[in-house]
*Asks:* 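So that we are looking at the same thing, I have put the structure below in C-alpha cells.
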Amino acid sequence: MSLTLDQVKAKSTKRLIGLHPVVLAATQALIERCYDRCINIVITQGLRTIAEQDALYAQGRTKPGTIVTNAKGGTSYHNYGLAINFALLLPDGKQVSWDLKRDGDGDKIADWTEVIQEAKAIGFEWGGDFVSIKDAPHFQMTFGLTTSQLRAGVKPSGIAMSKATAIIDRLKGEVDEDMSRIKELEAIVVKQEERLAAVEKRLNISGKETYAINYTEAITAAKAVGAISTSAEKSKLELNVIQMLYNMGLFAKGDK
C-alpha cells in the first residue's frame, strides 16, 4: 500500500527540529514536491551541534572511518540550521537508499536527479556541486552568508529571507493546486463508480445468482434466434445483458 503524504512527512519530523524557519519551509516543500513526482524522501540530518560536527570531522582523521567532511565544528551550515541531508524512502516506509541511479517511479530519470531538480528550484544549493568533497545527500540555503559570518553572529537579512520565502510559497502553491486536482479526480471516479453500480442494479447484473443458474440457457436461446452468433467468451456486462433480455422473454426458448 502506498504511503500517504502525511506518513512520509512524519518520517522526517524529528530531523526538522532546529532548522531555520525558511529552511524548514523549504524542506517541507521539497518533501511535498518530491511526493508529487512519486518520490518519497526522508530527512536524515538537519541541525547538527558543534560537538557532533567535530566528531564527524574526526572520522577518517583521528577516528576510524573514511573522511566525509572538511568542515570542523562551526564551519558547516548544519551548525546553524541552514542545511539538511536526505535519503530516498523505499516503498515499505522503513528502509532508505542512497542509490543515485535508482529509478523507483520508472520514468527513466533517476529519483536522486529529480530530487536535486526540485531542491534547486526551491533555492537550495546541492552538495554534489561542491569542489572539494562531493556531498550528494546534502542541501543548504546560505542566504548569501559564509560560515565565518554566521560564527560572528550575522543573521540572514530580511530581504534574503523574503526572496527565498516568495519562491517557496509559489512552488508550494503549485503542489497544493496539484493535490486539489487529484482530489477532484478521485471524487469523479467515486461518482462514476456509483453510477455504474446503479446501472448494474437496474439491469439486474450486480448479483451472481442469476448468472450462475441461467447463463447457459440464456446463451442457447440467444443463439437460437440469431441474437448472437457464438457463445465464445464474453464480458460480464455482455453476458448479463443477454441474461436480462432472456428474462424479459425476448428470446425464444429452445434450440434452433
Side-chain angles (χ1 to χ4, degrees), residues 9 11-34 39 41-63 65-89 96-98 100 111-172:
K9 293 172 75 172
K11 299 290 182 179
S12 299
T13 301
K14 292 182 179 179
R15 293 299 184 181
L16 301 184
I17 297 173
L19 288 179
H20 183 283
V22 178
V23 177
L24 172 60
T27 302
Q28 292 172 329
L30 177 62
I31 295 173
E32 293 168 3
R33 287 182 67 82
C34 289
I39 300 172
I41 65 172
V42 60
I43 305 306
T44 59
Q45 183 71 70
L47 176 67
R48 187 184 294 149
T49 66
I50 300 297
E52 290 172 335
Q53 189 66 43
D54 284 335
L56 195 62
Y57 180 79
Q59 183 176 315
R61 294 184 173 87
T62 59
K63 292 184 178 181
T66 57
I67 294 177
V68 294
T69 182
N70 284 332
K72 296 181 179 180
T75 64
S76 168
Y77 286 99
H78 278 289
N79 305 149
Y80 307 96
L82 301 180
I84 59 171
N85 288 350
F86 82 98
L88 300 174
L89 181 62
V96 298
S97 171
W98 285 272
L100 275 61
D111 296 345
W112 204 275
T113 298
E114 294 185 80
V115 176
I116 294 167
Q117 292 172 347
E118 292 298 337
K120 288 186 174 182
I122 291 172
F124 279 113
E125 297 173 12
W126 178 45
D129 292 328
F130 290 171
V131 177
S132 55
I133 295 179
K134 304 292 184 181
D135 194 355
H138 179 94
F139 293 122
Q140 62 186 35
M141 193 169 285
T142 69
F143 302 102
L145 298 176
T146 65
T147 54
S148 295
Q149 290 174 307
L150 292 168
R151 283 199 306 277
V154 179
K155 304 294 184 183
S157 70
I159 294 177
M161 290 190 293
S162 294
K163 287 182 178 179
T165 299
I167 294 174
I168 296 167
D169 289 344
R170 175 175 60 79
L171 295 178
K172 193 173 186 305

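No experiment lies behind these values; they were computed from the predicted model shown.
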*Asks:* Is there a side-chain contact between Val22 and Phe143, using heavy atoms and a 4.5 Å cut-off?
*Replies:* yes
*Asks:* About how many Å separate NZ of Lys72 and CZ of Arg61, when rounded to the nearest 0.5 Å?
*Replies:* 8.5 Å
*Asks:* As an exercise, state the distance from CG of Leu47 to CD of Glu52, rounded to the nearest 0.5 Å.
*Replies:* 7.5 Å
*Asks:* May I ask you to decide if Ala160's main-chain N or O and Ser157's side chain share a donor-acceptor pair within less than 3.5 Å?
*Replies:* yes
*Asks:* Relative to each other, are the rings of His78 and His138 parallel, tilted or perpendicular (30° and 60° limits)?
*Replies:* perpendicular
*Asks:* What distance separates Gln140 CD from Phe130 CZ, expressed to the nearest 0.5 Å?
*Replies:* 4.0 Å
*Asks:* Where is the tightest heavy-atom contact between Thr147 and Tyr80, given as atom of each residue plus distance?
*Replies:* O-OH, 3.9 Å
*Asks:* Counting N and O atoms only, with roles assigned by atom type, does the side chain of Asp135 sit under 3.5 Å from a partner on the main chain of Gly128, one being a donor and the other an acceptor?
*Replies:* no
*Asks:* Does any N or O in the side chain of Asp111 come within less than 3.5 Å of the main-chain N or O of Ile39, such that one atom is a donor and the other an acceptor?
*Replies:* no
*Asks:* Without swapping roles, check the side chain of Gln53 against the backbone of Ala71 for a donor-acceptor pair under 3.5 Å.
*Replies:* yes
*Asks:* Please check: side-chain N/O of Gln59 versus main-chain N/O of Leu56, any donor-acceptor pairing under 3.5 Å?
*Replies:* no
*Asks:* Do the side chain of Arg15 and the main chain of Gly46 share a donor and acceptor less than 3.5 angstrom apart?
*Replies:* no
*Asks:* For Ala26 and Met141, which heavy atoms make the closest approach, and how far apart are they?
*Replies:* CB-CE, 3.7 Å
*Asks:* Quick one: does any side-chain atom of Asn79 pair with a main-chain N or O of Gly74 as donor and acceptor, under 3.5 Å?
*Replies:* yes
